[in-house]
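Presented below is the structure to which this report refers.
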Amino acid sequence: MKVFKFGGASLETIERIQQVGKIIQAYPDDKLLIVISAMGKTTNELENVAKNFFMRKREIASQLLYNIEQHHLQVAESLLGTKEHPLFTQLQQFFTEAEWTLGEKPLRNYDYYYDQLVGLGELLSTAIVSAYFNQVGITNVWLDVRDVFRTDDNFRDANIDWEVTQRQVNEKVLPLFNAVDIVIAQGFIGSTDQNESVTLGREGSDYSAAVFANLLNAESQTIWKDVEGLKNADPKLFPNTVNIPEIGFNEVIEMAYYGAQVIHPKTIKPLQNKQIPLYVKCFLDKDLPGTVIKGDADGRKLPPLIILKKNQVLITITSRAYDFITEDKISDIYEIFHDKKVKINLTQNAAISFSCCIDNNPEKIELLIKALHAGFKISYNEGLELLTVRHFKNGLLEELTKGRKILLEQRSDSTVQLIMK
Ligand code: ASP
Ligand code: MG
């Protein structure tokens, strides 16, 4: 069994959906569990529906939903070449349910309504793709993942109940493979024990695929993207990036920790726990080698990994009485950061001060500084960048920091971090 995941970019046009079909046809001997996310930018559009609904701008919400509906109906008709197909009844049911939600008075919190509305994108995309594949001979079964993925009610970032989900995978998913080789399910969504829809966090479909891979004991997971694989830096920020042919799970977790937007960070653990390799491949050309992320990757082959976080603020916290910054003070400081939900990207201690680098989020910083003010003097520096380089080579750092002012630097054997202006 293999698990495949196709993201929004691979479903953005009719041609791309057809291309996804060709990729699947290249695996005739495999059982495939295919996880699909919403088409193109549908999730962003649905977020707008949810926002307007919650602000009681129902007319606007309905209009936006109608636009999404029209677009999906057109895609479905183009792919199937007809409007006479049971798919259209299924799509109509999804829209009717969403319209019912829009007809409610928002009595519960925003996150709840967000989850009832935004998961629609995945229901639509999977239904359309499944029907189209069946029509062109890629025989498959459509699965409503909400009957399988049980979660808590932490809306917008729901947590999987692994025990119940494993049982439902065994009872409801495995038997499907007795009759067909391909099962198509939604990424990103699940359901509570009260049958309320939930989402698993933005870009959560990679994670959904990893949950399936873990619970099905899959031989591998493949994320099909519009890029060649993982690169050693963001090509939008750096020239001369190179592809990474193989990399370890821990290394990818480190990269995500330092701020690389590679793969949804939650994706790695379910795979690592069962040593299931994760392939990142390009759906535009399946013969490109791509990247494999696995437990026993050879770290010596890695190029330098470069991660740049822009728009950083360096806050320096000094004790008002010029006392030493000792463990008790540091623990007070951390408690305030935790309480204000501010994530620290890098820290440095000195005798009477503590400095840390955080993302520039003015509202959060204002509250943070207010809370710190009681015990500490605060100074801060904005408009900075945090550069992290793992496995750095001589010469590279000079090149990356040329003409820049370095405010702080930390080095270990494998990693260097610089805050620069
Ligand atoms: N469609 C969802 C999103 O855009 C989930 C995903 O793409 O992974 O966030
Ligand atoms: Mg998406």
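Counting starts at 1 for both ligands and their atoms, following the listed order.
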salt_bridge(K41, E45) N-O dist < 4.0 Å
no

What part of S37, side chain, backbone, both or neither, has a heavy atom within less than 4.0 angstrom of ligand 1?
side chain

Test your reading of the structure: does S205 have an N or O sitting under 3.5 Å from an N or O of ligand 1?
yes

Please confirm whether E203 comes within less than 3.5 Å of ligand 1 when only nitrogen or oxygen atoms on both sides are compared.
yes

Is it the case that K343 places NZ or CZ above or below the six-membered ring of Y257, under 6.0 angstrom from the centre and within 45 degrees of the axis?
yes

Numbered atoms and elements of ligand 1 in range of F188, under 4.0 angstrom, heavy atoms
2 (C), 5 (C)

Between F155 and Y113, does the ring centre distance come in under 6.0 Å?
no

T151 and N159 side chains, donor-acceptor separation under 3.5 Å:
no

Subset of ligand 1 atoms that lie under 4.0 Å from at least one heavy atom of R202:
3 (C), 4 (O), 9 (O)

Polar contact flag for G204 and ligand 1 (N/O pairs, less than 3.5 Å)
yes

For the residue pair Y207 and F188, is the inter-centroid distance of their aromatic rings smaller than 6.0 Å?
no

Yes or no: does E122 have any heavy atom under 4.0 Å from an atom of ligand 1?
yes

Look at E251 together with R390 and state whether they make a salt bridge at an N to O cut-off of under 4.0 Å.
yes

